[in-house]
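Given the structure is predicted, the values throughout are model-derived calculations rather than measurements. Scope of the values below: all heavy atoms of this structure, side chains included, with no hydrogens, waters or symmetry mates.
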Amino acid sequence: MSLEIRQLLRPAAAPAPATEIPGPGDAGFAQAFADLLVAEDLVDAAAIARARRAAEAASERLDLVMVKLGLISESDLCFAYASYCRLPVVGGDGLPDQPVLVDRLKLPFLKANRLLPISFDGRRLLIATADPFVGEQAKAISYMLEVPVDLALITPAEIERALRTLYHDAGAEAHADVAEAAASVGDEGSEYDIERLRDIANEAPVIRLVNQIISKAVERGASDVHIEPGRDAVAVRYRIDGFLQQDRIVPANLRAALTTRIKIMARLDIAERRLPHDGRIKTAVRGTEIDIRVSTLPTVFGESIVMRILDRTRVELDFTKLGLHSETQEKLHRLMSLPNGIVLATGPTGSGKTTTLYTALKNLNRPELKLFTVEDPIEYQLSGINQIQVQPQIGLDFPTALRSILRQDPDIVMIGEIRDLETARIAIQASLTGHLVFSTLHTNSAIAAIARLIDIGLERYLLASTVSGVMAQRLVRKLCPACSRPHSASERMHGKFKLAASGGAFDLSNSREPVGCESCAGTGYRGRTTISELLMVDDGIREAIGRRSQDQRLIEQLARATGFRSLYEDGLVKIGAGETTLEEVLRVTRAS
């Protein structure tokens, strides 16, 4: 239930006197607030007990600890505050269009105390806060302005967004934290000893800087954070919808502290800076649990770090939401219903192959079937599926894991990637012995996957008898629904790019073009969708694969006879539906 709906359902009430309810400094606060959370069915008793133990150990407030542990979202906590303190909630249309009393209530004070002036009628001031227990700040404002101050509640995300929008201060907080962190570190100068590095990385300004980098990446929907050391500074960039965007520049004397803090969070060896490292971070952002895959690589100016953000709440394992057409979905379900065979997903890194296979496994995950995956790394944990993490350093590589899996009587096996002949042979063996096998390959097209497997060293007759289908895919940016407009040259595009295929033509007269607005950060695009081509291997194609000739054009002709559509053509369909643009399709398909 949204905050706006909850606000409408709750009768308006004046703020309760502080003496009526225990505050955070009172002995009964933790129990009273915990009782309310359970009564409102926001958190169960087991989670409350866990949070209370953590709060007591850390000497922190129960409510704040619960958010840090990811036991409650910040929006639900805002609702709980409203019920506990009997305060109204503001958000959305309730926010002001212009700053209130901007000459008296300065931005640094508002940001430091997470306060947002909402309205002032000359007699009373209404202020929204993310924390209702701000009595001293409210009294100070009331004393300074000589007017009564009323409180309302707002989520932290809303208050930060409003401060950025109203006060045009997108980067001030980041710069202040960077300056404070740099001041605490001083001049890097010579090499740090390990204990000194650890101490600096655990100082509050550095911790706050790293947490802010991660939180902002999650809020903006970034898939990766790139921290790139240079001679004079460290660049922080986010990959959003497949494109890197500059976020901030961190002073060079923070380089070691920033790197060390991230390595500590990922449980990596901070003393070893000459070799690459891989690790993971589990953290909570806005009450949502986030997995982060960390990769470090030594460069001439320090360790370059890439953090891959795995936010389960943003990944919906549904073929329709991934952007696959109904015809493609129907063919995929036919492949998924086979008792054995090999189904491949191909494309470059970051094209969504693993997500597509996860979606297939989710659809196949039934009590009567036993499913195994072998991955490097495991990106998302799927309930009811046995997932194995490859660990080459102890000898658990793909072939070793697959041999052991086949002795576990599986029905369906997913191999993260076919990288070599040995892995490919075991996949073939699994298929021939009655297993349905899913895997990925790095090829540019579905038909090229056949040639790639032959190049690896697989015999043609084995490929012809086991491969059932190959889907190639790419991710293209979707037009922002808030600002896209009909293409100014749609009729010209319609005439120029009409493409006859399968007896029809692609109607691009309804194509749209990007504009750019606040909701898409001025790019004109928001989110991504999939374009794909699916090769169904029938008897005719099996016969062509078994021949000595590697003529891909023959296989494509046979596939088109059964409705095959290329990546480029699938992209044209999405252009015609107003989902994306010709530039995006050409960018990922390189079609001329």
Side-chain angles (χ1 to χ4, degrees), residues 276 278 293 295 335-336 338-351 353-358 360-361 364 370-379 382 385-473 535 537 541-542 545-548 550 552 555:
D278 292 294
R293 200 167 74 216
S295 171
L335 292 173
M336 291 157 51
L338 296 174
N340 54 59
I342 297 177
V343 179
L344 298 171
T346 77
T349 300
S351 60
K353 303 184 298 295
T354 302
T355 303
T356 298
L357 294 187
Y358 276 167
L361 292 181
L364 290 168
K370 186 163 187 176
L371 285 72
F372 275 93
T373 73
V374 188
E375 304 173 65
D376 184 23
I378 296 173
E379 294 198 5
L382 304 175
I385 297 176
N386 303 282
Q387 295 176 270
I388 298 172
Q389 168 70 57
V390 170
Q391 300 184 61
Q393 65 273 20
I394 62 171
L396 185 62
D397 53 15
F398 276 105
T400 303
L402 284 170
R403 291 191 196 95
S404 299
I405 282 175
L406 295 182
R407 293 193 288 270
Q408 292 275 316
D409 189 29
D411 296 291
I412 299 169
V413 177
M414 187 192 99
I415 306 169
E417 182 184 350
I418 294 179
R419 301 177 178 177
D420 51 44
L421 178 59
E422 188 176 9
T423 304
R425 286 196 183 282
I426 298 174
I428 293 283
Q429 177 189 346
S431 171
L432 292 173
T433 53
H435 303 88
L436 183 59
V437 178
F438 294 89
S439 190
T440 70
L441 271 179
H442 287 284
T443 62
N444 290 327
S445 68
I447 295 172
I450 303 300
R452 169 66 177 149
L453 291 172
I454 293 172
D455 290 341
I456 285 177
L458 284 178
E459 294 81 357
R460 289 175 170 275
Y461 72 91
L462 289 177
L463 278 179
S465 59
T466 55
V467 176
S468 303
V470 185
M471 188 173 88
Q473 63 181 77
L535 174 68
V537 181
I541 293 176
R542 292 186 195 280
I545 293 173
R547 296 174 188 165
R548 301 291 300 175
Q550 293 191 31
Q552 295 185 25
I555 296 178

**Student:** With side-chain contact (heavy atoms from CB on, under 4.5 Å) as the test, would you mind laying out the steps for Gln387 and Met414 before giving the verdict?
**Tutor:** CA-CA 9 Å; Gln387 295 176 270; Met414 187 192 99; over 6 Å; no

**Student:** Hey, mind stepping through Ile541 and Leu535 against side-chain contact (heavy atoms from CB on, under 4.5 Å) and telling me if it holds?
**Tutor:** CA-CA 10 Å; Ile541 293 176; Leu535 174 68; 3.7 Å; yes

**Student:** Should the heavy atoms of other residues, nucleotides or ligands under 6.0 Å from CG of Asn444 be counted, would the total exceed 12?
**Tutor:** no

**Student:** Please check this pair: side chain of Gln473 against backbone of Gly347, looking for a donor-acceptor N/O pair closer than 3.5 Å.
**Tutor:** no

**Student:** What are the two closest heavy atoms between Gly457 and Leu421, and how far apart are they?
**Tutor:** C-CD1, 3.7 Å

**Student:** What's the separation between atom CG in Leu406 and atom CZ in Phe372, rounded to the nearest 0.5 Å?
**Tutor:** 9.5 Å

**Student:** How long is the gap from OG on Ser445 to CZ on Arg452, to the nearest 0.5 Å?
**Tutor:** 13.0 Å

**Student:** Please tell me if the side chains of Glu417 and Lys353 come closer than 4.5 Å, counting only heavy atoms from C-beta onward.
**Tutor:** no

**Student:** If the condition is side chain to side chain contact (heavy atoms under 4.5 Å, CB included), which residues does Asp411 pass it with, not counting sequence neighbours?
**Tutor:** Leu369, Lys370

**Student:** Rounded to the nearest 0.5 Å, what separation is found between the CZ atom of Arg407 and the CG atom of Leu402?
**Tutor:** 11.0 Å

**Student:** Do Ile405 and Asn386 have side chains that get closer than 4.5 Å, going by heavy atoms?
**Tutor:** no

**Student:** Using a 3.5 Å distance criterion without hydrogens, assess whether the side chain of Ser439 forms a donor-acceptor pair with backbone atoms of Ile415.
**Tutor:** yes

**Student:** To the closest 0.5 Å, what do you measure between CG (Leu361) and CE (Met336)?
**Tutor:** 8.5 Å

**Student:** Minimum heavy-atom separation for Ile456 and Asp420, please, with both atom names.
**Tutor:** CG2-C, 3.8 Å

**Student:** Of all heavy-atom pairs between Ile418 and Ala427, which one has the smallest distance, and what is that distance?
**Tutor:** CD1-CB, 4.3 Å

**Student:** Between Phe438 and Ala360, which heavy-atom pair has the shortest distance, and what is it?
**Tutor:** CE2-CB, 4.2 Å

**Student:** Work out which heavy atom in Ile388 is nearest to a heavy atom in Ala401; give both atom names and the distance.
**Tutor:** CG2-CB, 4.4 Å

**Student:** Between side-chain atoms of residues 461-470 and protein atoms elsewhere (two or more places apart, or another chain), which donor-acceptor pairs fall under 3.5 Å?
**Tutor:**
unit_1 : atom_1 : unit_2 : atom_2 : d
Ser465 : OG     : Tyr461 : O      : 3.0
Ser465 : OG     : Leu462 : O      : 3.1
Thr466 : OG1    : Leu462 : O      : 2.6

**Student:** Start with the C-alpha gap between Leu338 and Val343, add the side-chain angles, then the distance that decides, and say whether side-chain contact (heavy atoms from CB on, under 4.5 Å) holds.
**Tutor:** CA-CA 10 Å; Leu338 296 174; Val343 179; 5.6 Å; no

**Student:** Whether Arg419 and Asp376 form a salt bridge (side-chain N of Lys/Arg under 4.0 Å from carboxylate O of Asp/Glu) is what I want to check.
**Tutor:** yes

**Student:** Show the numbers, then the answer: is there a side-chain contact (heavy atoms from CB on, under 4.5 Å) between Thr440 and Thr356?
**Tutor:** CA-CA 10 Å; Thr440 70; Thr356 298; over 6 Å; no

**Student:** Find out whether Ile412 and Ile385 are in side-chain contact, i.e. whether some heavy atom of one side chain is under 4.5 Å from a heavy atom of the other.
**Tutor:** no

**Student:** State the CG-OG1 distance between Leu357 and Thr373, to the nearest 0.5 angstrom.
**Tutor:** 10.5 Å

**Student:** Cut-off 3.5 Å, no hydrogens considered: what does the side-chain donor-acceptor table look like for residues 430-437, sequence neighbours left out?
**Tutor:**
unit_1 : atom_1 : unit_2 : atom_2 : d
Ser431 : OG     : Gly341 : N      : 3.3
Thr433 : OG1    : Gln429 : O      : 2.9
Thr433 : OG1    : Ala430 : O      : 3.1
Thr433 : OG1    : His435 : ND1    : 3.1
His435 : ND1    : Ala430 : O      : 2.8
His435 : NE2    : Pro410 : O      : 3.3

**Student:** Between atom CG of Leu382 and atom CG of Leu371, what is the distance when rounded to the nearest 0.5 Å?
**Tutor:** 9.5 Å

